[in-house]
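Here is how names work: the chains are called A, B, and so on, in the same order as the sequence lines, proteins then strands, and each is numbered from 1.
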2 protein chains.
Amino acid sequence: MKAKRESPNSFPAEPPVPERVVAGLAKIGLALRSQGWQEAGRRGLTPTQAQILRLLPPPSEQGLRLGEVADALAVTPATASDAVRSLIEKGFVRKSRSGADRRAVELYLSPAGRRELDQVAGLPDFLLAGVEALDEEETEAFLRSLIKVIRTLQEAEMIPVSRMCVTCRFFRPYAYSDPARPHHCAFVDAPFGDRDLRLECPDHDPADPDSAAKTWARFSSRATHEATGL
Amino acid sequence: MKAKRESPNSFPAEPPVPERVVAGLAKIGLALRSQGWQEAGRRGLTPTQAQILRLLPPPSEQGLRLGEVADALAVTPATASDAVRSLIEKGFVRKSRSGADRRAVELYLSPAGRRELDQVAGLPDFLLAGVEALDEEETEAFLRSLIKVIRTLQEAEMIPVSRMCVTCRFFRPYAYSDPARPHHCAFVDAPFGDRDLRLECPDHDPADPDSAAKTWARFSSRATHEATGL
DNA sequence: GGTTTTAATTAGGACTCCTAACCAAAAAGA
DNA sequence: TCTTTTTGGTTAGGAGTCCTAATTAAAACC
């Protein structure tokens, strides 16, 4: 039987702050899941299927491999294959053998899929309403913290790597002293601030591991100190 | 074809900040889900089953109703009933008819369930590692923002209401001017700070709707201004 | 006492996940 | 070149997650 820990200010201690944060994130995860299923009922799509639709490009662009879809959703290829088959039966997705590699497939949105996606994307996350309860400054701080958490998870390979600034070869964190726009993007060759940090940038180009590590160290430590007013 | 929006600083605009925050939260939800299933493989428990185990009390305490379990997990009673049946077959949960209301059931952890829970809870969320990449101050700000988001979601009834400070009749937000410990808990009759804000307090007692609204308004607006230095 | 409501279960169906076994094409080695 | 791997994807099988709808039984209402 463990004695209860006391926090420094004599207020009876609960689990440490990070654990409560995790619990909070779990609650949001819960909401996302249950919302996803309610959505599913309204249209004919399950959460996974909707996510795949959001992922796939129109036929005019380069299609996605099945493996890429599986990675992005963090499921096994078997599961992804199931979901895709069901989407094809529903007429929302097209599949064709890849030209370059004859065992691979390329997946695209069909026109019907494109229309369906507009509907699905139209009612964007209910979560948005929750996040919009934060003021601007709070939201930006929240985004930055979120990016740090996600990146850490990615490094531990617990979450698929995505096209974020912090893994991009064009990203130069804290290149300027202007606190509103401390970062530099070498792709558009312009300074920008935390509010423009991206999670999925179309122009993303992965940095080599070495400079990625440096970039991350720089971003991570500066973002930390800046929050304390340094 | 839509023209690209420009943000005020001429950096090419992406979706607005709140949307990116939602995207980030969704990524974390993804990680939670896929981790849950990997867990499932190791032990014989699926994510839902593990969550139920975490929820149930030992036989020495008041058992939970099936409906309460369903609410807490944000699933239908049918789904909860399924999962509970499977847990009973595995010997981790005990069920008995409620004395007070003969159609209701009371659910408890069995001794085996208790042992299993220790295992499950032992490897707490991998997410913890991610959150611990934040420094102390950042973590506290993150927790506070999270509470605001969750509470907003609860008000919109998109997420089950939980035993948080902000819905408790003992909670007096911003009762003091001390920025380190601005709140007061009338249950323990002591001041406390953001770092002690709770998501699941054992002593929680719901406030009546009227004063709950006032408390929330006070917490919400002050937390906002405080962040901007007011 | 006779509705209505509420708590839980069951039935049925689509889908999500997994692991494992399997082809077939591509890459690697001898 | 002619095998081995390796890799991309599919299928089979099984437990579980979810839902809606129908059912049973007890409680609450009038």
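What separates CD of A:Gln35 from C1' of D:dC19 is a distance of 15 Å, to the nearest Å. To the nearest angstrom, P of D:dC18 lies 9 Å from CD of B:Gln51. Separating the CG atom of B:Leu66 from the P atom of C:dA7 is a distance of 10 Å, rounded to the nearest angstrom. C:dC18 atom C1' lies 15 Å from atom CG of B:Leu45, rounded to whole Å.
With D:dC18, C:dC17, C:dA7 as the candidates, the nucleotide lying closest to the side chain of B:Thr48 is D:dC18. Taking only side-chain atoms of B:Pro77, from C-beta outward, the nucleotide of C:dT9, C:dT6, D:dC19 with the closest atom is C:dT9.
Residue-level contact check: A:Gln38 touches neither bases nor backbone, having no heavy atom under 4.0 Å from any strand. Within 4.0 Å of A:Ala78, counting heavy atoms only, lies at least one base atom of the nucleic acid. Residue contacts shown for B:Thr46 are limited to sugar-phosphate atoms, with no base heavy atom under 4.0 Å away. Residue contacts for A:Arg33: at a heavy-atom cut-off of 4.0 Å it reaches the sugar-phosphate backbone alone, with no base atom in range. Across all strands shown, A:Asp101 has heavy atoms under 4.0 Å from sugar-phosphate atoms exclusively, and none from any base.
Here B:Asp82 pairs with B:Arg85 in a salt bridge; the nearest charged N to carboxylate O distance falls below 4.0 Å. Looking at B:Glu116 and B:Lys90, no side-chain N of the basic residue comes within less than 4.0 Å of a carboxylate O on the acidic one, giving no salt bridge.
Regarding contacts with the backbone of C:dT9, a side-chain N or O of B:Lys95 is found under 4.0 angstrom from either OP1 or OP2.
Counting heavy atoms from C-beta on, the side chains of A:Thr46 and A:Trp37 come closer than 4.5 Å.
When each of A:Arg102 and B:Val105 is assigned the nucleotide of DNA chain C with its nearest heavy atom, B:Val105 is the one assigned upstream, toward the 5' end. Both B:Val84 and A:Lys90 lie close to DNA chain C; mapped to their nearest nucleotides by heavy-atom distance, the more 5′-ward contact belongs to B:Val84.
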Applying side chain to side chain donor-acceptor pair (under 3.5 Å), run through B:Arg151 and B:Gln154 and close with a yes or a no.
CA-CA 5 Å; B:Arg151 180 60 194 146; B:Gln154 287 181 344; 3.1 Å; yes
